[in-house]
Amino acid sequence: MSQYWSSLVHTLTPYVPGEQPKLQQLIKLNTNENPYPPSPQVLAAITGAASADLRLYPDPGSDRLRETIAAYYSRESDSSITPQQVFVGNSSDEVLAHTFQALLKHALPLLFPDITYSFYPVYCGLYGITYRSVALDADFRIQTADYAQPNGGIIFPNPNAPTGCLLGLEQIAALLESNRDSVVVIDEAYIDFGGASAIRLVNRYPNLLVVQTLSKSRSLAGLRVGLAVGHPDLIEALNRIKNSFNSYPLDRVAVAGAMAAFEDQAYFEQICRAVIATRDRLTQGLQQLGFFVLPSAANFVFARHPQHDAATLAQRLREQHIIVRHFRLPRIEQFLRISVGTDAECDALLTTLAQLAGQ
Ligand SMILES: *Cc1c(COP(=O)(O)O)cnc(C)c1O
């Protein structure tokens, strides 16, 4: 605490990211990073961008990247997505931050699930947004009907984090049908691991904004690139915030790497398939050890053991150099969130858990 702080800083409770340990030789299954490297084409593009041109500012609008993304999602979602419907930022956390300030701050409360991405209440604190949390049902699922109440906006990840549970597009369309007067944001950080993107709904619902990241399915957490797709009026609101904050959020290296990531579809599909296959093996292995595992459509699983305390298990795993995520929060304090690693990493985890918790 300091007398020099603004009154806002005194009120903040910042987000606590998963640990990035400095130790080598760890099995790191705590922050949902992709276990596979980025596409070789991405690395070549990044190397190529490390040139004398770095003395020049990048394109403030990242136009070529937005064109690449618009063409990509036009193909993938069977719709016509224009570059004016695409916003890019320095990570999806930044895109989300601008979204909260630009589109989700209203007199009525913002709605999001009681168990969800823990950055949402942090942005509400930063921007002075009132919110109400809506309880997941007894199976830890989002019931869209529960959001039929006066609101200044709705946001949730799909699949949700940290549960991994997926909503189908019919349920999202039903929510949009009954909620026309405020913005609905779907945070699709994990959608490529088994879900259908709501981008195919943006031309039908002018109040839908879909946010994605290159950090998880495209193995680029270290590059910091996120994006949003929606009606041009929603994108214009994000641009007004962006251009009042940082005109050049994406550097030349990030733009080159991100464009290459959308151009190497074969590699992307190959690593997504590998993660999904390992997730299914990991789920079965955990179940054989007596764990209850929520059905996951993400690159992590959320599991609890009926006889073993989650915090103790996390601590014992750490002693064996395996790191998973444990949240000391109501309803989920007996769960562990385990990122899907390589097959070898997941086998090592299962072997250690068999010693700690096996029958
Ligand atoms: C990982 C994650 C993000 C943030 O992704 P970055 O682009 O790396 O900032 C956003 N939302 C959810 C739900 C996430 O899990």
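In listed order, ligands and their atoms are each counted from 1.
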Q.
Between Asp192 and Lys216 (salt bridge meaning N to carboxylate O under 4.0 Å), is one present in this structure?
A. no
Which of the ligand 1 atoms, numbered from 1, are nearer than 4.0 Å to a heavy atom of [X]:
X	answer
Ser215	6 (P), 7 (O), 8 (O)
Asp187	10 (C), 11 (N), 12 (C), 13 (C)
Ser91	7 (O), 9 (O)

Q | Stacked cation flag Arg218 on Tyr72, 6.0 angstrom / 45 deg | A | yes
Q: Please confirm whether Arg273 makes a cation-pi placement over Phe268, using NZ or CZ under 6.0 Å from the six-membered ring centre and within 45° of the ring normal.
A: no
**Q.** Modelled atom types, side-chain donor and acceptor of Asn151 and Asn179, under 3.5 Å
**A.** yes
Q) Are side-chain N/O atoms of Glu269 and Gln265 paired as donor and acceptor at under 3.5 Å? A) yes
Q.
Under 4.0 Å, heavy-atom basis, I'd like to know which part of Lys216 is in contact with ligand 1: side chain, backbone, both or neither.
A. side chain
Q) Does Tyr190 come within less than 4.0 Å of ligand 1, judged by its heavy atoms? A) yes
Q) Are any of the heavy atoms in Arg224 under 4.0 Å away from ligand 1? A) yes
Q.
Measuring from atom 7 (O) of ligand 1, which candidate in Val225, Thr213, Asn299, Leu223 has the nearest non-hydrogen atom?
A. Thr213
Q. Looking only at atom types and distance, does a side-chain atom of Arg252 sit under 3.5 Å from a main-chain N or O of Leu56, one as donor and one as acceptor?
A. yes
Q.
Centroid separation under 6.0 Å, is that true for the rings of Phe300 and Phe193?
A. no
(Q) Just to confirm my output: which protein heavy-atom neighbour is closest to atom 5 (O) of ligand 1, and how far is it? (A) Ser92 OG, 3.0 Å
Q. Hey, is ligand 1 close enough to Tyr117 that some N/O pair sits below 3.5 Å?
A. no
